[in-house]
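To start, the structure itself, in structure tokens.
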Protein chains: 2
Amino acid sequence: MASDQTRTAILAAAERLYAERGFGDVTLRDIVAEANVNLAAVNYHFGSKDELIAELFVTRSIQTNRERLNELKAAEERGGGRAAIEDIMRALVGPTLRGCLGPDREGSTAARFMIRASIESVPPIRRIKNREVDHLRKFAAAMRRAMPGRDDTELYWGLHFALAMAHHTIREKERLLRLSEGKCDLDDVRAIIDRVVTVTVMALTMGEAAVSAPPPARPAVMHGRLTRQDL
Amino acid sequence: MASDQTRTAILAAAERLYAERGFGDVTLRDIVAEANVNLAAVNYHFGSKDELIAELFVTRSIQTNRERLNELKAAEERGGGRAAIEDIMRALVGPTLRGCLGPDREGSTAARFMIRASIESVPPIRRIKNREVDHLRKFAAAMRRAMPGRDDTELYWGLHFALAMAHHTIREKERLLRLSEGKCDLDDVRAIIDRVVTVTVMALTMGEAAVSAPPPARPAVMHGRLTRQDL
DNA sequence: GATAGTTTCATACATATGTTTGAAAAGCAA
DNA sequence: TTGCTTTTCAAACATATGTATGAAACTATC
């Protein structure tokens, strides 16, 4: 089937252009020019522009979520059914950060597309995005297992802040670079992931200290992770 | 001058609509209908659509920045020239969070407009936004005074994460509400500000602990702020 | 109250953009 | 090949949208 060739070319071209210039600035004519196909091909193969965008987004969403869940699963197996909280957070923010930051590549096209999608919030994507909550719930559940007895509210805030830091770092990396005059190394993805994870775990354990015991034991996480030279 | 009336009506209507529906979905015709003025009035008074958006954005930017700087200044005077790091962060994230969250109001129109602006990143705004770095530098300077000897890199990351948490909380409040099934109280703005500030200060002092002294003293901030009942 | 400058208005213009159409081309099974 | 389906193509369509225009209404100064 040569038709799949056209379909694939459109998908690839669209993702590339959307990732680069955003949804607002890319027209169907831009896409078909990039893909070297006829204008009508988009509507023939996808029905509409919105359905094209939706297909792009669901495909990539599934991929990212699978990556995250794979890491989570690996961590849980490593821990005999209960993953360490750090590894859970690492599974949450690692795939996205690795995909979107880094020295050589400008971030893969797929990752940059997903960033755009989470920034610009165009209608077809907004509709799909609501399912993301179900995915995040799996991480909330893992966190609950890792920190039993912890108040759920705290878990949600921790999850929320982890995504905040990861996401914002990707979105505003230019600004952070300029603000810090290059001092913040945005190519050292490992260090960034460590940093986000460390802060998140501190935020999560901090609450525990304040709520459970008046003389709070220093959080367990500070022992291992905090002596890294990159902090 | 009756001309100012039209100008003002356009500005107000535009801000309201942009705040509500975003830049992508609002046309000049929507704006002039909302403002009850003629279509040509926009180009007569502002020159172009982009210049209208730019004027809205610079006005609000100046206001937000002034609010922040006022709080910062007050904190520095309270501390005799050197503000506590918590109060600096509070001055940074407080105005925005107070403006955009809260029970009664849906967040002021002005604040919601600024959120849109920071989300959608339309060309005229992108051009202006570059000056924001200069504003943030004032906070970096205050932080440096509050934590002398601290590595600059850490300060920038702390500043960056504070904005990340504040911003992301505003952007994704619906999702956090659904994820937590209402357990995360997004109407208690004071508690949210405290939470963001506490985590940020922990992130900032955590590095200090790891870098300076091998047996890290429990961060000073944990004494005062951490016993709040809302954590 | 006449005149000059300012503002408003209805309307038109130009163009960008998603979509549709109908015919031509290509693929494929018999 | 023949006949049918699937795919491609150029062109047209419909419309939304920012902008421009020229006349009318309004305002203020003398």
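Convention: sequence-line order gives letters A, B, ...; per-chain numbering from 1. Atom set for the values below is all heavy atoms of this structure, side chains included, hydrogens, waters and symmetry mates excluded.
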B/Q5 CD to D/dC26 P, straight-line distance once rounded to whole Å: 14 Å

May I have the distance from B/N36 (atom CG) to C/dT7 (atom C1'), rounded to whole angstrom? 17 Å

Qualifying residue, where the test is ring pair (Phe, Tyr, Trp, His ring centres under 6.0 Å) with B/H167 and the options are A/H168, A/H160, A/H167: A/H168

To the nearest angstrom, the NE2-P distance between B/H45 and C/dC9 comes to 10 Å

Report the relative orientation of the aromatic rings in A/Y18 and A/F113; use parallel for angles under 30°, tilted for 30 to 60°, perpendicular for over 60°. tilted

Integer-rounded Å distance: D/dT19 P and B/N43 CG: 5 Å

Distance, rounded to the nearest Å, where B/R7 contributes CZ and C/dT8 contributes P: 11 Å

Quick one: A/K49 NZ to D/dA16 C1', roughly how many Å, whole number? 13 Å

Round to the nearest Å and state the distance from B/E51 atom CD to D/dA20 atom C1'. 15 Å

Output the single nucleotide from C/dG18, C/dT8, D/dT8 whose closest atom is nearest the side chain of A/Y44. D/dT8

Would you call A/R98 and A/E67 a salt bridge, using N to O less than 4.0 angstrom? no

Find which nucleotide of DNA chain C each of A/G47 and A/D25 is nearest to by heavy atoms, and output the residue with the more 5' nucleotide. A/D25

Of the listed C/dG18, D/dT8, C/dA12, the closest approach to the B/R29 side chain comes from C/dA12

Taking only the side-chain heavy atoms of B/N38 (C-beta and beyond), determine which of D/dT19, D/dT8, C/dA10 contains the nearest atom. C/dA10

Rounded distance (Å) that lies between atom C1' of C/dT19 and atom CD1 of A/I53: 15 Å

Classify A/A41 by what it touches in the nucleic acid, base, sugar-phosphate, or nothing, heavy-atom distance under 4.0 Å. nothing

NZ/NE/NH1/NH2 to OD/OE distance under 4.0 Å, A/R195 and B/E154: yes

Quick one: is C/dT7 close enough that its OP1 or OP2 comes under 4.0 Å of any side-chain N or O from B/T6? no

N/O donor-acceptor pair under 3.5 Å between B/D30 side chain and B/T27 backbone: yes

